[in-house]
Amino acid sequence: MALNSSAFFVPCHNYNQICDLLLSSARTRSTSKGLQLHGYIVKSGLSLIPLVANNLINFYSKSQLPFDSRRAFEDSPQKSATTWSSIISCFAQNELPWMSLEFLRKMMAGNLRPDDHVLPSATKSCGILSRCDIGRSVHCLSKKTGYDADVFVGSSLVDMYAKCGDIVNARNVFDEMPLRNVVTWSGMMYGYAQMGENEEALWLFKEALFENLAVNDYSFSTVLCVCANSTLLELGRQIQGLCVKSSFDSSSFVGSSLVSLYSKCGVLEGAYKVFDEVPLKNLGIWNAMLKACAQHSHTQEVIELFKRMKLSGIKPNFITFLNLLNACSHAGLVEEGRYYFDLMKKSRIEPTDKHYASLVDMLGRAGKLEEALEVITTMPIDPTESVWGALLTSCTIHKNTELAAFAADKVFELGPVSSGMHISLSNAYAADGRFEDAAKARKLLRDRGEKKETGLSWVEERNKVHTFAAGERRHERSNEIYEKLAELGEEMEKAGYVADTSFVLREVDRDEKNQTIRYHSERLAIAFGLITFPADRPIRVMKNLRVCGDCHNAIKFMSMCTGRVIIVRDNNRFHRFEDGKCSCNDYW
DNA sequence: TTAGGGTTAG
């Protein structure tokens, strides 16, 4: 008998066929057909057959109805290891990790030994919960039962340790496995990427290729993410070539990593091209593209993209709204930002501290300091360092020293703060005439043995990254770089550039303060680009800290005097300088 | 194949 849809309504006594139908209902997401089948199964007494009962559990699990799955489990007449395995995996896959572990306990209390199907699900649950301690017990259990040599069990353990941030144990399991596959390797790469150990992740990828492992979309999206985070554009492009060759470039996961790679490396056109070419776009790739446009001040495109995204039936999540809010805040679009914030709440997405920080940043930068403060005092969750920090930054921009000092007090009340924040705190107190507090803020930083992050800028040339710090002369082409800057400096002055040295006294960190403002790291990196790259190639510079106001002005003159496009990424967005103008419209 | 492990966007 053919398994067509009419078969659902025809009485059928072949339980193997019923099982097939349940499975196909789950696969095609035809929940209603599955429910009809369940009714028929109960009526005809087929639910007493263990195989049918197990299939029901699996059907509900795949249909994302874990509690119906549980009911089917309870109704099941004979609970074999397979039955337990089905329900434990159901909870692990349907966001009920605790229940999954509870059922593992129940299974063992009934003197049933967990097998090679149960252990990976239980391990996965520990990973979801970030509970390394429970994970270790499951690991021990795997060893005791001898299943630790199984490639599924081992891979799930690698992933669990990686998710818990225990990279040492992840690597130990990885090294001890007698047999590894692409899942094991991808999991290990992901672990390194999570910990920011980018070089290790890249090494592992290289080793995998060397071992002729058939890498896939999972491996590609992870390794491309590493390239994006290290702004390794050329390597990323080479890996993209491998994706194209193996047809994994059509995956939306690989696509979102590629969009992020191009965006983070300053090549917005590249991000657009990847985005347009991915046939089926998931939420991740829409968010990646929204973020790319927001970072590059393509605000109108952000708004248009969001409309297109909704038209294509994709539901926005909290990341989508964070991107929208950041885009509005970067461009000073207060009304639009407010609209998206309300829309988010209407969509029943709870704003996080990051959303509030973005809202405060948007209002504060636009000079609406009182409103920004009101947002903080009325928000339903506790304001974090980033929220008060956004107000503090805005107060500094608008020279409201009193409110800045108040915000600084609030940040201090929260306890230990990040190292970058100390300088802002100290500056805020100093500006308000509270010099003792200013000294205290700096002293706290010193006492904790922390140093402010050194300002660094870097440029990628072929497969090499050239890094510069303010005023240093360690680069092999330093003489030419400084000559270029001197020569360009004269041209810039003729064009009307006047150095604003007030930035040396304010907001610039100590390491850079000792250097003359002319030799901030980004200027060295740009000069290197000028003497190295062909005239038609944009100069892309990455910086770990914010660009100072004088450099921002100077780079505008640089772009005008040289006729070059200069793209600078500071710690959170891009500035594209062309013909003496910047894409941020001086609002940053 | 009645049941198991891994990825993107922040």
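Please read all numbers here as calculations on a predicted model, not as lab measurements. Here is how names work: the chains are called A, B, and so on, in the same order as the sequence lines, proteins then strands, and each is numbered from 1. Excluded from the calculations below are hydrogen atoms, water molecules and symmetry mates; all remaining heavy atoms, backbone and side chain alike, are included.
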Tell me whether A/Lys273 is salt-bridged to A/Glu269, with the criterion being a basic N under 4.0 Å from an acidic carboxylate O.
no
Any side-chain donor near an acceptor of the partner, A/Thr222 and A/Ser186, under 3.5 Å
no
Pairwise side-chain contact, A/Pro66 with A/Met99, heavy-atom cut-off 4.5 Å (strictly under)
no
Base, sugar-phosphate alone, or nothing: which one does A/Ser252 contact when heavy atoms must sit under 4.0 Å apart?
base
Given atom CG of A/Asn229 and atom P of B/dT7, what is their separation to the nearest angstrom?
15 Å
Between B/dA9 (P) and A/Leu283 (CG): distance, integer Å:
12 Å
Side-chain ion pair, A/Arg338 and A/Asp342, N-O less than 4.0 Å:
no
Could you check whether A/Lys43 makes a cation-pi contact with A/Tyr40, meaning its NZ or CZ is under 6.0 Å from the centre of the six-membered ring and within 45° of the ring axis?
no
Those residues that, when tested against A/Ser76, pass side chain to side chain donor-acceptor pair (under 3.5 Å) (two or more places apart):
none
Sugar-phosphate only, base, or nothing, as touched by A/Leu119 at under 4.0 Å among non-hydrogen atoms
nothing
Would you check if there is a donor-acceptor pair between the side chains of A/Tyr262 and A/Gln240 at a distance under 3.5 Å?
yes
Can you tell me whether the side chain of A/Ser221 and the base of B/dT8 have a donor-acceptor pair closer than 3.5 Å?
no
Contact pattern, 5' to 3', of nucleotides 1-6 of chain B - B, S or - by protein heavy atom under 4.0 Å:
BBBBBB
Within residues 300-318 of chain A: residues closer than 4.0 Å to DNA chain B (heavy atoms)
A/Asn317, A/Phe318
On a whole-Å scale, what distance lies between the C1' atoms belonging to B/dA9 and B/dG5?
23 Å
If you measure from the Lys or Arg side-chain nitrogens to the Asp or Glu carboxylate oxygens, is any gap between A/Asp133 and A/Arg136 under 4.0 Å?
no
